[in-house]
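Just so it is clear: chains get the letters A, B, ... in the order the sequence lines come, proteins before strands, and each one is counted from 1. All values below were derived from every heavy atom in this structure, side-chain atoms included, with hydrogens, water molecules and symmetry-related copies excluded.
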Amino acid sequence: MTKEISTGYQPGDVETQWYDRWVKSGCFRGNENGEGEAYSIVIPPPNVTGILHLGHVLNTTIQDILARRARMEGKDVLWLPGTDHAGIATQSKVEQKLRKEEKKTRRDVGREAFLEKVWDWKEEHGGIIIQQLKRLGCSCDWSRERFTMDEDYSRWISKIFVDLFEEGLIYRGKRMVNWCPKSLTALSDEEVIMKPQKSKLYYMRYKVVAENGEGSPDRWVEIATTRPETLMGDTGIAVNPKDERYGDLVGKKVLRPFPEAEIPVVADEHIDPEFGTGVLKVTPAHDKADFEIGVKNNLEIIDVFNPDGTLNEHAGPEFEGMDRFEARKKAAEKLEEMGQLVKVDDYENKVGFSERADVPIEPRISMQWFLKYPCVEEATAAVANDEIRFRPERWKKTFTHWMGGIQDWCISRQLWWGHQIPVWYRKEKAEELKGRESLDATGAGNDLYVGIDPPSDEENWVRDDDVLDTWFSSWLWPFATMSNSDEEPSPTEKRFYATTDLVTAPEIIFFWVARMIMAGYRWRGKLPFKNVYFTGIVRDGRGRKMSKSLGNSPDPLDIIAEYGADALRFAVMKTAPLGADIRFDITNEGGKEIYPQVVEGRNFANKLWNAARYRQMQEGEGTFDASALSIYSIDILAKLDQLEKDMASAYEDYRFNELAQLLYDFFWGQYCSWFLESSKGAFAPDADPALRGSTVAAMDLVLKRFLLQSQPFMPHISEELWDNLGYREEGCPEFLMQTQLQTESVLAGVDPAVINAAQTKVKAIYESVSRARNLKAEYGLGSNRSVKFIIDPNGGAPDGGAFDETAVFQQLVGAAEVVVEPSFEAEKGVPTALTEIGKIYLPLEGLIDVDAERERLSKELAKVEDELKKVNAKLANENFVSRAPEAVVGEMKERQVQWQDKSDELGRMIESLGA
RNA sequence: GCGCGAUUAGCUCAGGGGUAGAGCAUCACCUUGACACGGUGGGGGUCGUAGGUUCAAAUCCUACAUCGCGCACCA
């Protein structure tokens, strides 16, 4: 058996080999001493423990395309990568492992030892995602990779904290915060996700306390609540002051059923009389709104929960130690027993969930550090007046809205993995200071130390236990990755800050984007980036967001292994309209998951591969001689020019899907389907050597320029073909990815009139070919054998003369023979098509059927007349003729003539067939 | 409740006042000298619904419907 050589492109080794070579040659390194225009992006740092998902693929491919394109435009590019320590996520993972393997909690092992374990874990498992980004082809400057817990980077965090503390923007206070009972930490508002929940609305009744024996001894007031388990913490009930039903109750007391206590009835305008019974139970310790009502009315605050969401001693012995959801049932049961539960309705409400731990958060009063945001006005203005440009622009509104209602940021977390707050308390005063409210720069004198470095007599001090919110480190990312905090701006920063583009998901517009703008302005006096491109969300075929928990997110690495990174990149880009969501289609074929969009990408890569192979099969160098170019070569080169123009303009607007579409349409639809097919004659043994040479030259030109254009999207295969085809020129960089785009038109030396004439003629030929193929197919002639066409160019040839492109016509149509016969007199019933180059006859032996042909032509005539009717109607409309733009009317008139001619001609053809 | 977005062929999506488009899928034909991960041709759409503006609306405007996403202290 002979060995079969695969004609298909095998991406695997090709991709990894090129990637290694690029890295080794320093192609990705940002040059701070360069002289070109600077272009920079900082990567949104993925979690150090993260695994690549399709969202990352979308996001980083866009960045890679921007970076690669910028390099080819001669810019000095820095794409700065790194990872984020992801406080809660990482710590939970290690805690989980600890629990599973050693049956211990982090407290069992102690802070120091636990942190060591986290670092170990990070060394072992961290950075997987970096390897995955490399496999995708990302051209990041890995020599500058950063991690938010790096020592230099950490010093930045402390410095920023100290600055803000001294400025009075950071303070500590006892406040209602979002508490995660699973992670045992406070969370910022942004880390809480509201989810609709099917729950119950419990109607219960409290007894009104009789005053000095007056009033009805049996008066009850009905209250609706979703959280009966907190009633032990109720210290009042509230009604709307305007609510006539309850007006007389205000100032009286009701009896809390358990633990039994008399609690006051207060009036508050926030109460909606329409909701439930119009009466609210007030639990100041466990609800933000209740807290405010409590403060206003001087109500007692009773916390009935432990930090982990179980109930504490204040709930009474029956409830102590019980989980909050069990306690809910139990409280309802108990009310029932007491005859105080009126009814229970099904009810859907929204409950805040911890983003990371995915459990309902508990509003809880606790001592936390807060930040009043700096530079809010400047940041708001920067986006409002497009100093920072958002794409799509609609996110501006969201941003402005949030900035307008901005709340102080709870920055402390009761975690260990993260940047510990740089605050020390004098040992003997520590307990007192830790409990002090409203602690700020003015408060504690010499007993408080806030500094980047620990105090020199550290042994006399106790450090604050809390760490900072991970986002408190991320907001410095654009500049803290470039310079150290104690030094002048580094050469890297001087050259590459502010960055050019930021590519990120709209989900983190508040978490990250807004805060970076403020931080950049506050500490660098410069906005951190010029453009922000918000990507869409990657969804599955059913429109659901891809997520690990749904299990609907395929592993990009599996896809890459099967189809290649270039295919995946191309697939994602082709369906990534500006900021709109992407549906990642998955179909199932015989139990195997197929990704149609990626298949398309792979097929495209394969097409590219084979088109290049075809070039390699033609021997020798081409010689570019403008005067020897065929009309087909001129045509494809003109289209190449147009492609480059269209690409440039689509890049301006970040229209990545359009860019991918342009590449695809040009290469497959124009170059392969038409040009390569039409050029085959030039390689026949008896072909004119000048034609052959110029055709090869045209092929080379197109391939070269096309590879330059496609490199950012499909870097690996483009590089491979650039190499295989030997397109590197003397004195040019080693790699395609370093090669500069050429901007000069490929047809610069050719007379525009010649180009125009060639394109007109080629267009006519191609259209006629389509008609001829059509005719063939209509008569069921699939094979190219034994098909003969006769062309009667009688006045129909585009240049007015005889038709001289029969060879190409024959090749394109797939015919055995094509002859030109002016004024050909066909037998009756010979199938005919009316085309741009004349009448085309398809004589069929034994198949001549006058009736059939008449019917076919009649059908066509009907279509033509339909069009003609439409055009006629339009032109008969006076309003149209007088009010539509001249150009539109002119075009319509032209169309009228065309359809009329066609109709006449078809009419004659039918007539000639006889009745 | 307010705001934003989407709704175009079976699927994934372009188009954005002037003749409804692509890829996939489907059907028919084709082992034509790069590619069957290919070639050729066909079928398939009253552009979510109802109004309005206009000579002309898939496109602009207004409502509504469905889906999605933000924001909001309705227990």
- prompt: Base, sugar-phosphate alone, or nothing: which one does A/H401 contact when heavy atoms must sit under 4.0 Å apart?
  reply: sugar-phosphate
message: Both A/P885 and A/E658 contact RNA chain B. Taking the nearest nucleotide for each, which residue is further toward the 5' end?
response: A/E658
message: Can you tell me if A/K397 touches the phosphate of B/C4, counting only side-chain N or O atoms and a distance under 4.0 Å to OP1 or OP2?
response: yes
- prompt: Does A/E778 get its side chain close enough to the base of B/A28, under 3.5 Å, for a donor-acceptor pair?
  reply: no
- prompt: Looking at A/R883, does any N or O in its side chain come under 4.0 Å of the phosphate oxygens OP1/OP2 on B/C55?
  reply: yes
message: As a check on the pairing definition, encode RNA chain B in dot-bracket form, counting Watson-Crick and G-U wobble pairs whose two distances are under 3.5 Å, and using | for partners outside this strand.
response: ((((((((.[[[[.)..(..]]]].(((((.......))))).....[[[[[..)....]]]]])))))))....
- prompt: Please give, in whole Å, the distance from B/A75 P to A/N240 CG?
  reply: 16 Å
- request: Ignoring backbone atoms, establish whether A/K607 has a side-chain N or O less than 4.0 Å from OP1 or OP2 of B/G39.
  value: yes
- prompt: Which part of the nucleic acid, if any, lies within reach of A/Y202 when heavy atoms closer than 4.0 Å are counted: base, sugar-phosphate only, or nothing?
  reply: nothing
- request: Considering just the side-chain nitrogens and oxygens of A/R394, establish if one lies under 4.0 Å of OP1 or OP2 belonging to B/G5.
  value: no
- line: So, with a heavy-atom separation below 4.0 Å from RNA chain B, the residues of residues 221-229 of chain A are A/A224, A/T225, A/T226
- prompt: When the distance from CG of A/N657 to P of B/A22 is rounded to whole Å, what number comes out?
  reply: 17 Å
message: Using a 4.0 Å heavy-atom cut-off, does A/R773 contact any base of the nucleic acid, only the sugar-phosphate backbone, or nothing at all?
response: sugar-phosphate
message: For a quick check of understanding: with a heavy-atom distance under 4.0 Å over all strands, which category does A/A777 fall into, base, sugar-phosphate or nothing?
response: sugar-phosphate
- prompt: What does A/K350 touch in the nucleic acid at a heavy-atom separation under 4.0 angstrom: a base, only the sugar-phosphate, or nothing?
  reply: base
- prompt: Counting just side-chain N and O atoms, does A/W668 come under 4.0 Å of either OP1 or OP2 of B/G39?
  reply: yes
Report all interatomic pairs (protein N or O, nucleotide N or O of nucleotides 42-44 of chain B) with separations under 3.5 Å.
from	atom 1	to	atom 2	distance (Å)
B/G42	OP1	A/N774	ND2	2.9

